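A short write-up of the structure that comes next.
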Amino acid sequence: MKDFYTLADLEKWDEREIRLGVIGDPVAHSRSPQMMNAALQHCGLQMQYARFQIAPDELEQALELFASHKFVGVNLTVPHKVSALGLMTETDDVAREAGAINTVRFEGEKRIGSNTDGLGFARAIHQEFSVDLRDLRVLLLGAGGGAGRAIARQCAIEGCERLVLVNRTFAKARELADELRSSFQEARVLGPVARLEAVEWKEAALRFQIANADLLVNATSLGMKRSDPPVLAASLLAPHLMVYDTIYTPARTVLMQAAAEAGARAANGLSMLLHQGALSFETWFDRDAPIEVMRAALL
Ligand code: NAP
């Protein structure tokens, strides 16, 4: 199997064993194949899962080719989760409300979109910090992206104490706050701060919000490339925080390192990868995923 395949490979496809995959741009960092292939082998399913490097303007054609090559399904990663929504023939409620898709199931010519990122995230937070989302005040960086939207919606479903949405393009965070407003009507004893807010990505605003948050989440794509600047100034981090970086390559991300130096607890996105992947597996095969096999393969 190659490290990754391209649209040109799909156009002359002869890898009959490969019937599942992850589509992204970039995609070489993805560790989904190692956990998915372990699960497929463990369950005696005679097929393989591969990476596909697909640019935004190639997505529609790639989805048509996957369907015509009788793929079971694909996962979507950066930057396809939001744009794929308009390319589905059917979308489940979770994906529609999140406004993003991370799992596609092919049924003949049908492309059925769903989203396992939100529930995968909630399970990951429980695994990493032994707390439930509903008990937390969450500050979410990257609230405009596919993963960020799914995480924000999950925070609303679970009724978290407080949710602060931050995004480089502020209008997207504000729109998302408007969509989620009805889930945050119930009063909580929080002092002077609102339960749901969209705030501008500015240092002073972030400093105030971090003082009123328990969990800080990076759902931006900042940190995926070595050349990326830090997501936040290290001086903004404080010891009371739990920090969850959805990025998992490198294993100790720049944000995690800064969090540890500030005395905060931190985890990378491997646990979210595991749980969203297990849920995708269940979507495709309608059976329990062998989660311990998948976890061992990732570690
Ligand atoms: P996406 O839809 O392309 O969204 C990217 C997000 O990052 C947007 O909010 C974007 O803000 C923000 N962003 C991009 N460049 C930025 C910059 N220079 N400064 C500040 N913000 C910037 O991507 P996605 O699919 O949501 O993925 C986002 C991240 O989540 C990625 O790092 C991905 O690896 C991670 N993820 C991890 C898992 C897991 O299982 N661990 C699952 C899903 C996603 P704008 O709206 O302003 O463009």
Side-chain angles (χ1 to χ4, degrees), residues 22-36 51 54-56 59 74-86 95 98-103 113-125 127-128 139-154 165-177 198-203 206 217-233 243-251 253-256 266-281 294-295 298:
V22 54
I23 313 177
D25 183 15
V27 79
H29 68 282
S30 174
R31 285 169 64 182
S32 291
Q34 70 195 70
M35 78 171 168
M36 289 299 190
R51 298 182 190 89
I54 301 292
L59 182 62
V74 287
N75 286 123
L76 299 169
T77 186
V78 187
H80 300 309
K81 291 183 183 188
V82 176
S83 54
L85 199 69
I101 287 172
N102 79 331
T103 308
S114 54
N115 197 316
T116 65
D117 275 341
L119 190 51
F121 169 78
R123 291 183 181 178
I125 293 303
Q127 177 192 314
E128 299 287 358
L139 187 145
L140 175 62
L141 301 167
R149 289 186 60 91
I151 288 171
R153 181 182 172 278
Q154 193 68 28
L165 301 172
V166 186
N167 199 53
R168 176 180 61 177
T169 312
F170 176 62
K172 292 192 206 168
R174 199 179 39 209
E175 278 163 29
L176 184 59
V199 303
E200 302 256 13
W201 196 313
K202 294 198 172 131
E203 192 158 325
L206 289 179
V217 182
N218 175 32
T220 75
S221 40
L222 266 186
M224 292 182 79
K225 293 198 285 271
R226 274 181 193 279
S227 55
D228 283 345
V231 184
L232 284 177
V243 175
Y244 191 83
D245 196 343
T246 62
I247 291 172
Y248 54 82
T249 311
T253 66
V254 172
L255 178 62
M256 285 171 71
N268 72 17
L270 215 55
S271 44
M272 178 171 167
L273 182 75
L274 170 68
H275 290 289
Q276 61 81 31
L279 291 160
S280 293
F281 185 96
M294 296 169 84
R295 193 195 308 273
L298 277 179

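Everything quoted here is computed from the prediction, not taken from an experiment. Read the numbers this way: they start at 1 and go in the same order the structure lists the ligands and their atoms.
- For D245, the side chain to side chain donor-acceptor pair (under 3.5 Å) criterion is met by N218, T253, not counting sequence neighbours.
- Ring planes of F121 and Y244: perpendicular class, angle over 60° (limits at 30 and 60°).
- Taking R51 as the reference, nothing meets the side chain to side chain donor-acceptor pair (under 3.5 Å) condition, with sequence neighbours excluded.
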- Derivation and outcome, side-chain hydrogen bond (donor to acceptor under 3.5 Å, both in side chains), residues E128 and S271: CA-CA 8 Å; E128 299 287 358; S271 44; 2.7 Å; yes
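- Listed by chain and residue number, the protein contacts of ligand 1 are V78, P79, K81, D117, G142, G144, G145, G146, A147, N167, R168, T169, K172, W201, A219, T220, S221, L222, M224, T246, I247, Y248, G269, M272, L273, Q276 (heavy atom within 4.0 angstrom).
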Donor-acceptor contacts, no H, no angles, side chain residues 221-228, under 3.5 Å, sequence neighbours left out:
{"unit_1": "D228", "atom_1": "OD2", "unit_2": "G223", "atom_2": "N", "d": "2.7"}
{"unit_1": "D228", "atom_1": "OD2", "unit_2": "M224", "atom_2": "N", "d": "3.3"}
{"unit_1": "D228", "atom_1": "OD2", "unit_2": "K225", "atom_2": "N", "d": "3.1"}

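- Note: Q154 CD to N115 CG = 9.5 Å, rounded to the nearest 0.5 Å.
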